[in-house]
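The sequence lines fix the lettering, A, B, ..., with proteins before strands; numbering per chain opens at 1. Values below: all heavy atoms of this structure, side chains included; hydrogens, waters and symmetry mates excluded. Here the structure is a predicted model, which is why all the values come from computation and not from measurement.
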Amino acid sequence: MSIEALAKDIAKIIGKENVLTKDADRQSYSYDSAVLEPVIPAMVVRPTEVEQLGLLTKRFYDAGVPMTVRGAGTNLSGGTIPDSTDSVVILTNSLNKVLEINEEDLYAVVETGVVTSVLAAAAAKKNLFYPPDPGSQSISTIGGNIAENAGGLRGLKYGVTKDYVMGIEFFDAEGEFIKSGARTVKCVTGYNLAGLMVQSEGTLGIISKAILKLVPPPKASKAMMAVFDDLIKASEAVAAIIAAHVVPCTMEFLDNTTIVMVDDYTKIGLPRDAAAILLIELDGHPAQVEDETNTTIEVLKKCGATNVVLAKDQAEKMKLWEARRMALPVLARAKPTTVLEDATVPRSKIPDMMRGIESVANKYNLTIGTFGHAGDGNLHPTILCDKRDKAEFHRVEEAIDDLFDIALKLGGTLSGEHGIGTAKAQWLEKETSKGTILFSKKLRKALDPKSLLNPTKQVNMYE
Amino acid sequence: MSDLKELAKKLESLDDQIISCMKCGLCQPVCPIFNSTMQEADVARGKLALIDNLSKHILTDADALAEKLERCLMCGSCQAACPPGVEIMDIFMKAREVVFGYVGLPLIKKLIFRQMLAKTWLFNTAMRVGAPLSRLVFWKTNKDHGTYSAPLLSPIIGKRHVRPLPLTPLHVAVGAMDTPAGSSGIKVAFFSGCVGDKMYVDMSKACLKVLDHHGVGVYMPKSFPCCGLPAIVSGDADGVLKQLKPSLDLLMKGEFDYLITPCGSCTATLKEFWPKYAPRLSKEYGEYAEGLEHKVMDINAFLINVLKVESKPTKAGAVKVTYHDSCHLRKSLGVISEPRKVIGLSGEYEFIEMANAEKCCGSGGSFSLAYHDISLDIGMRKRQDVTESGAEIVAMGCPACMIQIEDVLSQKGDKVRVKHTIELYAESLDK
């Protein structure tokens, strides 16, 4: 069937205003947030009811058209870039109803296209808390968060998206409806297919709805900044705080390059000589927060912090966090292209990773600012470059190769939270094994014999 | 210009600005149009990609790009939220000029921008004839707002509720003014804006009353041409220059310390866009336009930052007033706290912040004519925030927003009244 005929057929299901075939419309779904080449799809469809997802998938499967599901298109590894110019993009951002916030059983039921911060706000309205807070939370959709297993700043204490998924409804490649998990804390009915869908990057099925865990919000919080003249001391402090059985809700790290650039831009008076600063927030019951604040300050000082600044009120807390909030915007303004990496290591290895990043920056003559989630070893070395400068960008690609090698040697991983997509697919075997790649391919071939669901993501089904 | 290659080349000059877009998508949640249509081509990230594609010959449909560029309120919300600080408004202005120039400006727009809005006498005559005639087709529809609708004109103006055009515009009711500085020792030029001259005349009179009350001298020629914003956003540089020169002529004849307007959009145009057109003017005019940048000021900011008017304690039983941020005031000029302070000056009003005060009302000048459905959808969301605030009055600092918000409140039969912040302050001076 020609793409025109298919478009007409699809329009009967979802209305012709929801089938985009014009050049300008298709071109605006050729990219996501990853620094990768765009690929223009043949068609873009926007279902407005979750049931339509199954009908659409069946039509595309029968017609042999590759499918890429897209929520908000904020993916940092190319997961929502179409695989080929024959692909269709299935938009889920109109499937955006919050169906239920349950205050007695502490869960939410949402459609796949609900924006993360909209769910968080709906939960907060009923005095409940949805903790995962990826950097793109005001844009990203829950379906995308699940497909990528999105993380965020609160990962250390509260976990990541997978820790909040209680159940998922989805459609497989051929449009069959699948339901896994329940509204109950315990559920061992059938395979844990909901778990399999987490982090599947649109390769195993198309998520339509999710049941997500909510928790009571913390009653109190305290924020502080600790200044270090030595990276190793900062990293030891991170481990020592956790060894003292204090688990901060966030423990963020900024390196000297980032500190100086943020201070240049904001003039907020950051310690420009510091090798690193840690921004720590503790939350929980007021008495516990107070107790843990004392312990944390004690540990920080023992580990050699040259200064610890405790925020006295909300305004001071906002001011402390300003440095972290401005890290990416400031780095992004320095050069035309910003390559944001997320290689992750066990937190005790942060000093080794930082030394590795520094040596890579020197070796390839690149500016790399590093900030990130020190508590869980998830750093964001951010390479500042200009992709139009071919020679420089080639050095960037080599630098990324080296960074992955270093992270893997330290027992770390290619990606803490941005995903594999097409950006990191070529390194997957290096971290895992040949068998892992084969197993993944066999799994996908069995579930999607024509290899039509995001075929080049994670493992390339065309190879 | 009819050659697509030439158009592509012109757009290529924007590459250095567009390249900074990291495609993070943070323009999505703040874009009023995207929130209404959920289409990527309606948000800055999509539009920037399409401009880039045309410059690289990936997109060859210039009409489609023109249409996408037109679907924008130019509210600047995306730029204010952009992490790498891409100069989105500047890129869109430049792209509009070359792309609309390529596909051709509709004749009606050319006539309006280059003739009517540039020639004050023509605009004034048209409106003076039009005002009484309009009463033949506009019927009073909502007595709380004093708004009218015109079912016979619905193919053109939809079901809008608008205030009737007063029979006596400001330039007739007040005429030219040139009063010396009083007790404040300050003299200002007062630029009412077209809506302030022809529609919200009482609002302009309130501004003059407040300036007089504080001993501020006023220079106001009989009537200024349009500030040029409609032509600027339509990419009609010829029209802009035709309107700009007579305005500058009038200003050059007066002496003043500040150039004050009660319209957020006019202020932003005079302060930010006029200097951008300066290089296309003769040296004398160009230097004068650039020099104005430091003199142009919103009237709320003038009251608070220059006159330093102090607020009185809020009286018991004060009327609850909420505030809507005009995009130009907040996002272009950074005038955020001043209008809120003006509401609290007299003690007669209790200021309450509504949810989403910073979000665009969907007016966007001619955008609301071309894309009425989207504009109305955005406006209705603003209406919900206004009514949920519990305020009796919603105040703002831009007449264009006043038209839009009065329309949506009137259509839904809400009792909340719409006022300019200065009107509230002026009324309190009598109490």
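In summary, B:Asp63 and A:Lys22 do not engage in a salt bridge, as defined by a charged side-chain N under 4.0 Å from a carboxylate O.
Taking chain A as the reference chain and counting heavy-atom pairs below 4.5 Å, the highest number among B:Lys47, B:Gln28, B:Glu67 is found for B:Gln28. For the set B:Leu65, B:Asp16, B:Val30, the count of heavy-atom pairs under 4.5 angstrom toward chain A peaks at B:Asp16. Counting heavy-atom pairs under 4.5 Å between each of A:Asp32, A:Asp23, A:Thr337 and chain B puts A:Asp32 at the top.
The nearest pair of heavy atoms linking A:Ser138 to B:Leu26 is OG-CD2, 3.6 Å. Closest non-hydrogen pair, A:Arg46 versus B:Thr37, comes out as NH1-O, 2.7 Å. Considering every non-hydrogen atom in both A:Ala24 and B:Lys68, the closest pair reads CB-CE, 4.1 Å. B:Asp15 and A:Arg388 make their closest contact through OD2-NH1, 2.8 Å (heavy atoms, listed as atom of the first residue, atom of the second, distance). Residues A:Ala332 and B:Met22 approach most closely at CB-SD, 3.4 Å, considering heavy atoms.
With rounding to the nearest 0.5 Å, the separation of CZ in B:Phe34 from CG in A:Asn93 is 5.0 Å. Atoms OG and CZ, on B:Ser20 and A:Arg333 in that order, are 10.0 Å from each other to the nearest 0.5 Å. We find the CZ-OG distance between B:Arg45 and A:Ser33 to be 5.0 Å, quoted to the nearest 0.5 Å. Atom CE of B:Met38 and atom OG of A:Ser94 lie 5.5 Å apart (nearest 0.5 Å). With rounding to the nearest 0.5 Å, the separation of OG in A:Ser28 from CG in B:Asn53 is 9.0 Å.
Heavy atoms closer than 4.5 Å to chain B are found in the side chain of A:Leu20, but not in its backbone. Proximity to chain B (any heavy atom under 4.5 Å) is shown, for A:Arg325, by neither the backbone nor the side chain. Looking at B:Cys82, only its backbone comes within 4.5 Å of chain A, counting heavy atoms on both sides. Contacts of A:Lys387 with chain B are made by side-chain atoms alone, with heavy-atom separations under 4.5 Å and no backbone atom involved. Both the backbone and the side chain of B:Ile58 come within less than 4.5 Å of a heavy atom of chain A. With a threshold of 4.5 angstrom between heavy atoms, B:Ile19 approaches chain A through its backbone and through its side chain. Looking at A:Leu340, there are no atoms closer than 4.5 Å to chain B (heavy atoms on both sides), in backbone or side chain.
Around CE of A:Met318, the count of heavy atoms belonging to other residues, nucleotides or ligands within 6.0 Å does not exceed 12. Within 6.0 Å of atom CD in A:Glu37, 12 or fewer heavy atoms from other residues, nucleotides or ligands are found, so the atom counts as exposed in its surroundings. Atom CZ of A:Phe393 has more than 12 neighbouring heavy atoms from other residues, nucleotides or ligands inside a 6.0 Å radius.
Between B:Pro29 and A:Ile139 the shortest side-chain heavy-atom distance falls below 4.5 Å.
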- Checking side-chain hydrogen bond (donor to acceptor under 3.5 Å, both in side chains) for the pair A:Tyr29/B:Gln39: CA distance, chi angles, key distance, verdict? CA-CA 9 Å; A:Tyr29 296 99; B:Gln39 293 203 22; 5.2 Å; no
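Not one N or O on the side chain of A:Gln27 forms a donor-acceptor pair closer than 3.5 Å with the backbone of B:Ala49.
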